[in-house]
Amino acid sequence: MAADRRKAHSVMLWLSPKNRFMQLILLVVFVTVGATEISPSGEAFGAGQTAFKPVSVSVARNIRYLLYDVNPPEGFNLRRDVFIRMASLMKSLLKTGDWVLVLPPWGRLYHWQSPDIHQIRIPWAEFFDVPSINRNIPVMEYEQFLAESGGPFIEQVYVLQSYAEGWTDGKWEEKVDERPCMEHLMYSHDKQGYFRGWFWGYEETRGLNVTCLSVQGHASILAPVLLGNTTAQSLMLDRAETVLHDHYAGKDYWDARRSMVFAKHLRMVGDEFRARYLNSTDESDKTHYNEDWTQMKSKLGSAKGGPYLGVHLRRKDFIWGHRKDVPSLKGAVNKMRSIMKQHKLDKVFVATDAAEEELEELKKLLPEMGRFEPTWEELELYKDGGVAIIDQWICAHARYFIGTSVSTFSFRIYEEREILGFDPKTTYNRFCGEKETDCEQPTHWKIEY
């Protein structure tokens, strides 16, 4: 009966006064059983006993839920990359039954530093078109999971980690094993014996079991573990960035990436900015967009782009690390002017995380520079993640784009331009450091349909 007591207690947690989901109606059935019946835990209810059962749509449909999270310091665009890895894993799981990937709410990221803006428990729909993602794999928001599963508990949490011994005899091989936890767990027991931790800002969420898995390999290597080692209906993979892409830049990769369509309201803001300040429209730029990504197949080189240079200039932690491939502000401006002259462009749009004093210097060195600078009301509405997407959308439509070395922000723009059909020569470019002797440019990862 322990499992039933846990589920009953999780419902009480869900209905606690602090929980914002009190307004949801929880349908609870108290079933008086006339004959012997099997409880969700596998124990038998005798005649006349009462079983406390949260009603769940998934019980009848026999759906299992896969949740995941990423190392807290990781940024917005690396997390988008991890989603693609989880989509590959889902493709393997869906061959065996009904699974749904629960999209982890956004929030508390390093780069989201705007003061006085509530930036936790943000649903994916604020940044992406969730129905588009559903055209590739079945997904749902976390709040939908809470409503459907009957309470804020996750039955099994797997914390992924590397192998303590590294590669055996210097040989890399795919493997996964249950092992003792190598690091201090970010989970602790509450008074009821459940595991509490950072569950995307939902304080009432608890884990029933936490296990560490050492894993070395591609995402789909976890499928046998999820299918064979547990009967839990809800499973979570923490530190999901530990596993690799199944087929990097293959069709499944691009299907998942293409399905991550930006939310329409953010695209509209970017389009309005392009039209008003950069003389850029889809018709004149030949960047026609289909709302159904499965029907969109742009010919390579078909996109012309707006009459401006798009730039992503990463600063802050990149310059703090003294990266040799990050230019000085003056060096970056010299490169921008050279590109503008070569391609006969008189406007430049810059997406940057530069500090205020650096922005002032940039404006002096490059007066024609344009940026998307939201009002406080717009920032509160779109949040830092939405502003980043607007920046990426505008950069993705430029006649020519140049980004920052090894930045996932720049890399997502490369992909967006590949989807739109730009010539690779106008896309896969990066700044070089003044002391960099071999300035290798980004690899062209050709889209596969």
Side-chain angles (χ1 to χ4, degrees), residues 66 77-95 99-101 103 124-125 127-139 218-220 223 243-264 266-267 270-271 280-306 310 389 392-401 403 408-429 441-449:
L66 178 63
N77 290 288
L78 185 279
R79 289 167 186 265
R80 291 171 62 188
D81 188 78
V82 175
F83 164 80
I84 298 175
R85 305 178 208 183
M86 294 299 99
S88 295
L89 174 57
M90 278 291 293
K91 291 285 183 74
S92 297
L93 296 174
L94 287 167
K95 295 175 183 177
W99 286 78
V100 176
L101 183 66
L103 301 169
W124 277 56
F127 300 141
F128 300 96
D129 184 70
V130 175
S132 292
I133 299 175
N134 259 312
R135 290 191 175 100
N136 185 47
I137 56 169
V139 297
H218 302 90
S220 60
V243 292
L244 307 174
H245 287 284
D246 273 29
H247 303 288
Y248 187 76
K251 182 182 182 301
D252 280 349
Y253 175 96
W254 278 107
D255 283 350
R257 175 61 182 85
R258 291 164 64 212
S259 75
M260 298 180 75
V261 175
F262 291 142
K264 190 169 185 177
L266 298 177
R267 288 184 281 127
D271 290 342
S280 169
T281 65
D282 283 346
E283 185 175 0
S284 61
D285 300 351
K286 297 182 179 179
T287 50
H288 302 292
Y289 199 76
N290 193 321
E291 292 296 329
D292 182 355
W293 65 269
T294 65
Q295 302 301 312
M296 183 174 173
K297 187 175 180 180
S298 300
K299 184 179 178 181
L300 195 65
S302 61
K304 180 182 178 183
I389 286 173
Q392 288 181 325
W393 188 246
I394 297 171
C395 284
H397 287 77
R399 186 74 50 84
Y400 191 100
F401 173 72
T408 52
F409 189 103
S410 290
F411 197 88
R412 298 283 87 86
I413 297 173
Y414 299 150
E415 292 175 331
E416 208 66 47
R417 290 174 65 86
E418 182 77 7
I419 292 169
L420 289 169
F422 277 92
D423 185 330
K425 294 179 182 178
T426 69
T427 294
Y428 295 90
N429 309 288
Q441 293 300 295
T443 301
H444 174 206
W445 296 101
K446 187 176 181 181
I447 193 168
E448 288 194 26
Y449 295 100

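Worth saying up front: this structure is predicted, and the values here are computed from it rather than measured.
- Using a 4.5 Å heavy-atom cutoff, the side chains of E291 and R267 are in contact.
- Defined by atom type and a distance below 3.5 Å, a donor-acceptor pair is present between the side-chain atoms of E418 and H444.
- One finds the CZ atom of R399 at 8.5 Å from the CZ atom of F422 (value rounded to the nearest 0.5 Å).
- Between F401 and I413 there is a side-chain heavy-atom pair separated by less than 4.5 Å.
- You'll find the side chain of P138 reaches within 4.5 Å of the side chain of L94, heavy atoms only.
- Between M86 and V243, the closest side-chain pair of non-hydrogen atoms falls below 4.5 Å.
- Between the side chain of W124 and the main chain of V130, no donor-acceptor pair closer than 3.5 Å is present.
- Formation of a donor-acceptor pair under 3.5 Å by the R258 side chain with backbone atoms of M296 is found in this model.
- D292 is listed as a side-chain neighbour of R135, based on a closest heavy-atom distance under 4.5 Å.
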message = For F127 and F262: C-alpha separation, side-chain torsions, deciding distance, then whether side chain to side chain contact (heavy atoms under 4.5 Å, CB included) applies.
response = CA-CA 6 Å; F127 300 141; F262 291 142; over 6 Å; no

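- Contact check for I137 versus W99: no side-chain heavy atoms found under the 4.5 Å cut-off.
- Below 30°, between 30° and 60°, or above 60°: for Y414 and F411 the angle between ring planes is above 60°, a perpendicular geometry.
- When atom types are taken as modelled, the side chain of T427 and the backbone of P424 share no donor-acceptor pair closer than 3.5 angstrom.
- Between the D246 side chain and the H218 main chain, no donor and acceptor come within less than 3.5 Å of each other.
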request  = Take R257 and E416 through the salt bridge (Lys or Arg N to Asp or Glu O under 4.0 Å) test and state the conclusion after the steps.
outcome  = CA-CA 9 Å; R257 175 61 182 85; E416 208 66 47; 2.8 Å; yes

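- The distance from the CG atom of L300 to the NZ atom of K446 is 6.5 Å, given to the nearest 0.5 Å.
- Contact detail for E448 and K251: the closest heavy-atom pair is OE1-N, 3.8 Å.
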message = Before you tell me yes or no, could you show the steps for R412 and D81 under salt bridge (Lys or Arg N to Asp or Glu O under 4.0 Å), namely the whole-Å CA-CA distance, both residues' side-chain angles and the distance that decides it to 0.1 Å?
response = CA-CA 9 Å; R412 298 283 87 86; D81 188 78; 3.7 Å; yes

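- Looking at every heavy atom in both residues, S220 comes nearest to S92 through CB-OG, 3.4 Å.
- With a 4.5 Å cut-off on side-chain heavy atoms, L103 and F83 count as touching.
- Considering only residues two or more places apart in sequence or on other chains, K91 meets the salt bridge (charged side-chain N to carboxylate O under 4.0 Å, His left out) condition with D252.
- The backbone N or O of M260 lies less than 3.5 Å from no partner atom in the side chain of S132, so there is not a single donor-acceptor pair.
- Close placement of the W445 and Y248 rings is indicated, their centers lying within 6.0 Å of each other.
- With sequence neighbours left out, F409 forms a ring-ring contact (aromatic ring centres under 6.0 Å, His included) with H312.
- Residues Y253 and E415 form a side-chain contact, since some pair of their non-hydrogen atoms from C-beta on lies under 4.5 Å apart.
- Not a single donor-acceptor pair under 3.5 Å links the side chain of D282 to the backbone N or O of H288.
- Between the side chains of T426 and R417, at least one donor-acceptor pair of N or O atoms lies under 3.5 Å.
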